[in-house]
There are 2 protein chains.
Amino acid sequence: MNDHSVHVQCGECPIRHRAVCARCETDELAKLEQIKYYRSFQAGQTIIWSGDRMEFVGSVVTGIATLTQTMEDGRRQMVGLLLPSDFVGRPGRATAAFDVTATTDLVMCCFRKKPFEDLMATTPHVAQRLLEMTLDELDAAREWMLLLGRKTAREKIASLISIIARRDAALHLKRASGKLSVVLPLTREEMADYLGLTLETVSRQISALKKEGVISLEGNRHVQIPDLDRLLEEAGDDSDGGMLV
Amino acid sequence: MNDHSVHVQCGECPIRHRAVCARCETDELAKLEQIKYYRSFQAGQTIIWSGDRMEFVGSVVTGIATLTQTMEDGRRQMVGLLLPSDFVGRPGRATAAFDVTATTDLVMCCFRKKPFEDLMATTPHVAQRLLEMTLDELDAAREWMLLLGRKTAREKIASLISIIARRDAALHLKRASGKLSVVLPLTREEMADYLGLTLETVSRQISALKKEGVISLEGNRHVQIPDLDRLLEEAGDDSDGGMLV
DNA sequence: GGTACTCCTTGACCCAGATCAATCGACAGG
DNA sequence: CCTGTCGATTGATCTGGGTCAAGGAGTACC
């Protein structure tokens, strides 16, 4: 779209907001600084319920949040995983479409929606940048549809681990030198909700992958990946070609 | 975002393009007219392969197209269904992320990508309108994730029929007066690919819904819905409340 | 120490939906 | 007319992952 891919590093935020572009919006930054504020949430706290009025947009600074959908009888499906630097909120939308929950302690950098939308209306690059991000999310959602609709439980688990590894590597800007290892940011139940499985099946498949040496575990959350290509093969992804990011 | 919800009716196109907004862009319409052209495709023809360079964006004028993803071993998942007035293409993206296929004979109204992007850069409302549409698609994709991950085969079928009924009603701007009836635009196999099932299961579940009077069939494709609320209940959707659109 | 959490693992059994296979109807071509 | 093709239906059987249930491991608090 344009090559202004440098992202805004705003004030004291430890993250770069992916929503706005630094090179062309330097004079707009002051406006953003004026309307921004921070909010903290505790692990387990619901940030917004589906259908609630949503008065802000923002980025995750630290911690993990999830987007989930629940049927009346309690069946749940996670439809989004929000890691640091991910954008939350829908400019042009009054209400949230899904439940947003903090699964760990969480800090967000928020902008009140109205002034943010005003900014968007006057600076075309912000809307374009947001469009680009939304298209990325849409692509990710569609990849996830393949996983939910067609992959086996084992492939689902392998996919989840490799996706977390990929996003982790992107986040820390490090190409893993030696052994690749990841911390799973979710409980078995949350993984199950993301993958369209039960927590028992998640546990069994993780055990199986461990037994066969595809991964190894240290504690419940810490996963080592001795051979990334092997894991990607188990995930059934074509042409991911081992490239992280 | 803004209330300019009137859509462009461009030239001889029988549809209103949802991508651009008439009220505020009247002087931009001429530019769109200059760069637009039509393309026809035959039923079964692939419009773009995933990974191909994509030189245009556009809207479906008549016919049906699908977005699909295929694994090396042949497992397929449909990730999008494109009906007339739906937008195709990704401004700011060089290549297609999924296969786009015409499932019926199809006419599209296209705009070459470069000039369209230029237009977008100079007229903020176009980018905003596109963002709005992309957010809609993202919502739809996430609803679909709930379907793929958690619904039973019967619920999936009922959901598909009610979604087609809804979009049909929106398209024809008619609130069905008497009996509600829909033409399924997909073969059983295509439905299966959309729902993450096999074609046999699709067939069986349709037969079951018919036997129990939830729907009735005339030929293979024509479905009558005697009681929409009953169908929505079978679909497991909460709070859809029977409102079409 | 004991008790009570929460999260995870493992086993035994079952069933919804996949798989394999036969049949049917509609329609086109020779 | 027969023959072939394509989509749909229906039956018989199998199996991956769900369900139910019983521990185990870690941690916090009394």
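Below, chain A is the first sequence line, B the second, and so on; all start at residue 1. Just so you know, these numbers come straight off a predicted model, no measurement behind them.
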Taking 4.0 angstrom as the limit, do [X] and [Y] come out as a salt bridge?
{"X": "A:Arg154", "Y": "A:Glu212", "value": "yes"}
{"X": "A:Arg75", "Y": "A:Asp193", "value": "no"}
{"X": "A:Glu234", "Y": "A:Lys156", "value": "no"}
{"X": "B:Arg142", "Y": "A:Glu137", "value": "yes"}

Measure across B:Pro185 and B:Ile64 and return the closest heavy-atom pair with its distance rounded to 0.1 Å.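 Smallest interatomic distance, heavy atoms only, reads CB-CD1, 3.5 Å.
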What heavy-atom pair brings B:Ile48 and B:Ala96 nearest, and what distance separates the two atoms? CG2-CB, 3.9 Å
For DNA chain D, what residues of residues 147-159 of chain A have any heavy atom nearer than 4.0 Å?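 Of all residues in residues 147-159 of chain A, the ones placing a heavy atom under 4.0 Å from DNA chain D are A:Thr152, A:Ala153.
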Rounded to whole angstroms, how far apart are CE on B:Met191 and C1' on D:dA8?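 Between C1' of D:dA8 and CE of B:Met191: 10 Å.
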Please state how far atom CD1 in B:Ile206 lies from atom P in C:dG17, giving the value in whole angstrom units.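 The distance from CD1 of B:Ile206 to P of C:dG17 comes to 14 Å, rounded to the nearest Å.
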Whether B:Thr187 contacts D:dC6 is assessed here as follows: a side-chain N or O lying under 4.0 Å from the phosphate OP1 or OP2. Is that the case?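 No, B:Thr187 has no side-chain N/O under 4.0 Å of OP1/OP2 on D:dC6.
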A:Asp105: partners by side-chain hydrogen bond (donor to acceptor under 3.5 Å, both in side chains), with sequence neighbours left out: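 A:Asp105: no side-chain hydrogen bond (donor to acceptor under 3.5 Å, both in side chains) contacts found.
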Of all of residues 196-205 of chain A, which get a heavy atom below 4.0 angstrom from DNA chain C, listed by number? A:Leu199, A:Glu200, A:Ser203, A:Arg204
NZ or CZ of A:Arg39 within 45° of A:Phe56 ring axis and under 6.0 Å: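 The answer is yes; both the distance and angle limits are met.
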